[in-house]
Every structure is written in structure tokens, then in C-alpha cells.
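Beneath this line is the structure, given in C-alpha cells, with notes to follow.
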Amino acid sequence: MRRLAFMALAPFCVLLLQGCAGWQSALDPKGPAADELAWLIWFFTALCAVVWVLVMIALAAPLVMRSRPGDEPLLLDAGAERRKMRVVVTAVGLTAIILIGLTLLSFFANRTLAAIGSEAVLTIKVTGHQWWWELRYEDATPSRILTTANEIHIPAGEPVRLLLTSTDVIHSFWIPSLAGKLDLIPGHMNVLDIKADKPGVYRGQCAEFCGAQHANMGTFIIAEPRPKFDAWLNDQLQPAGAPASGEAKAGADLFLKRPCVMCHRIGGTPAGGTVAPDLTHIASRKTLAAGTLTMSRGNLAAWIADPQGIKPGSHMPVADLNGDELNAIVAYLEGLK
Ligand code: CUA
């Protein structure tokens, strides 16, 4: 019977454990901050489970221990009363000790988290917008400051400091595999330090309801070995490449004549809008519209043709383009690697 129950439950247990793994799970930590938090989650859960079981036993005990025939229920037994009082006092004392212990654990975990950023090698300002992430890689040399969107590249094994703020409403930045969540608040700067132990791709998600497209406000952290990260950063600092074909050239001209330039910037061209994602190297990113679509020629065309159908309420307006014009602009954008 027990064996049968085990066989029936095994697939569910496997599914449950698999649910804890993956590129967006606080229970699958890939950095020191997430390690610390995962340990706290498991410890709190285990301890609270033990306390819950003990309380349930204490509640159930009087129900099970029926009075025997001949007992005098209203007769006071001073010795028994003293024993019960001692049990209650011990339980209250244990509760206080457990609460103080858990508070101390939280305090020391916070100290560990704060220490991660003390040697940060890179500072990235992350600004939340409805509904995308603006990223600014800070540098003492102005020409080495990089502005990009949605996809955060960091060197693996090195601590990185994120400065979090917002231009509109409160958002919350959460990469569960790497760190806890922290709010992005208009007019205020929060500091979040992260470190990825190994190269990998980690998914993040806005964790504070911020309007209609809150669920489509994803982000990715791509941790790479230092040489690969440096190469990426140097590539991204370059202005956009020249259009590679006649169609792409026509697309570039069209882009500059249309209202696209009012919102988007493309480095090395007159397009200098800053209210929407920087497109200088848009085709090098893995997704479009803050993780809503994977990057492909088809999805680029679909997004430009009908942004409100894909992400209703987003601030990307419908551009008035015929089929040839749309193809030309897509040809230009997909060349911006
Ligand atoms: Cu931004 Cu939810």
C-alpha cells in the first residue's frame, strides 16, 4: 500500500522539484545574494513547519486524552496545574527565542547582501518605464557611457551595482536566480548589488503592478566571461553600422523621416529620441518589447505593424506604413547588430 502511494506521488514530487529549477527561480540560486536568500527561505520554512506540527499536536492532545470514567472534571489538582503552567511558560519563552533568532538571521543575511556590492566593478543605472527597462552603463569617460534597453550584460563572477529608479510609476526589479526584489521609485534611487557565479542567462520580471502591461515587463541578465563581456561592451559603444543593402538604406531614410525619431535613438544618426528604447544595436538583443517577443525579422515586422495588438496600452504608436515601407524599415533594423 505504502509502495503504491509512493509510486502515485513520485511524478508530482518530480514536477514540484522541477518547478524550483530554471532561469527564474529563487530556489535555484546562481549568485551569493540568491544563495543567502534561498538558505533563509528553506530554514524559515523548515522551522515554521516544525512549529506548526508541534502546535497541531498540542491542540489535538486534549481531544485524544479523554477523561477516564470516575474522573472528577471540576476537581482542581494543584500539582497538575503547576505542570501545565510550566509548559505554557516554556512555550512562550521558546516562541520569543525563535522570533529573536529569526530576526538575527535576517539581520546577518542583510549584512552579507550589503557586502556583495562593496567591490562592485560596474555600475548600471536601471530606469523603469511603462513597460520597459532603460539601462545606462556608467563610466568616468563620457564616451564610454552606454545606453541600451531590457537586456543586461554583466561579467560573470564579478559584483555589479544596480542603481534603480523610475520615470513614471513604481516598478520592482526582480531577477530571482540572482537577488531579491527591489522597487524602482520615481525621484528616488535604490541600490541593488548582484553577482552571477557562472556565465548564464537569467530571466527577470517587474514584480510590482505598474499598469496594463506589467506582465510584459521582462528583462534578462546575461552573465558572460570577462573577455566576452568586454567585447560586447565595445561593440555596443560603436555607432550603428551603415545599411547593408538598398532596401535597408531605404529603411534608414524612412526611419529618419517618420515620427520614429521623436522617441528612439540610433547612435551615429540624427535619431536622438530618449523616451523609448535605444535601437542602435536592437538586433543584437534576444527579445523585443521587454521580453514579449523573441527577436526575429517576422516579430520585428509584427511589432511595428501592430504594437497595440501585441502589447495593448504600450506607448508605441501604430506607424502609418505600407507593406514596402514596413519591409524596408525591418530590413534596416534587423541589420543593427
Ligand atoms: Cu513595471 Cu510592473
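Hydrogens, waters and symmetry mates play no part in the numbers below; they use all other heavy atoms, side chains included. Both ligands and their constituent atoms are indexed starting at 1 by order of listing.
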Next item on the list: Evaluate ring pair (Phe, Tyr, Trp, His ring centres under 6.0 Å) for F209 paired with H214, printing each intermediate quantity in order.
Entry: CA-CA 6 Å; F209 181 73; H214 157 69; 5.7 Å; yes
Next item on the list: Report yes if some heavy atom in the side chain of T148 is under 4.5 Å from a heavy atom in the side chain of R285; otherwise report no.
Entry: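 The answer is yes; the side chains approach within 4.5 Å.
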Item checked: R136/E134 under salt bridge (charged side-chain N to carboxylate O under 4.0 Å, His left out): CA gap, chis, key distance, verdict -> CA-CA 7 Å; R136 189 180 135 111; E134 179 185 344; over 6 Å; no
Check: Do the ring centers of Y137 and W232 come within less than 6.0 Å of each other?
Finding: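 Between W232 and Y137, which both carry aromatic rings, the centre distance is below 6.0 Å.
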Note to self: Taking P199's backbone N and O only, do any of them form a donor-acceptor pair with E224's side chain (distance below 3.5 Å, no angle check)?
What the structure shows: no
Check: Please walk me through it: do W131 and H171 pass ring pair (Phe, Tyr, Trp, His ring centres under 6.0 Å)?
Finding: CA-CA 9 Å; W131 289 276; H171 304 270; 8.1 Å; no
Check: Relative to atom 2 (Cu) of ligand 1, how many protein N, O or S atoms have a separation of less than 2.8 Å?
Finding: 4
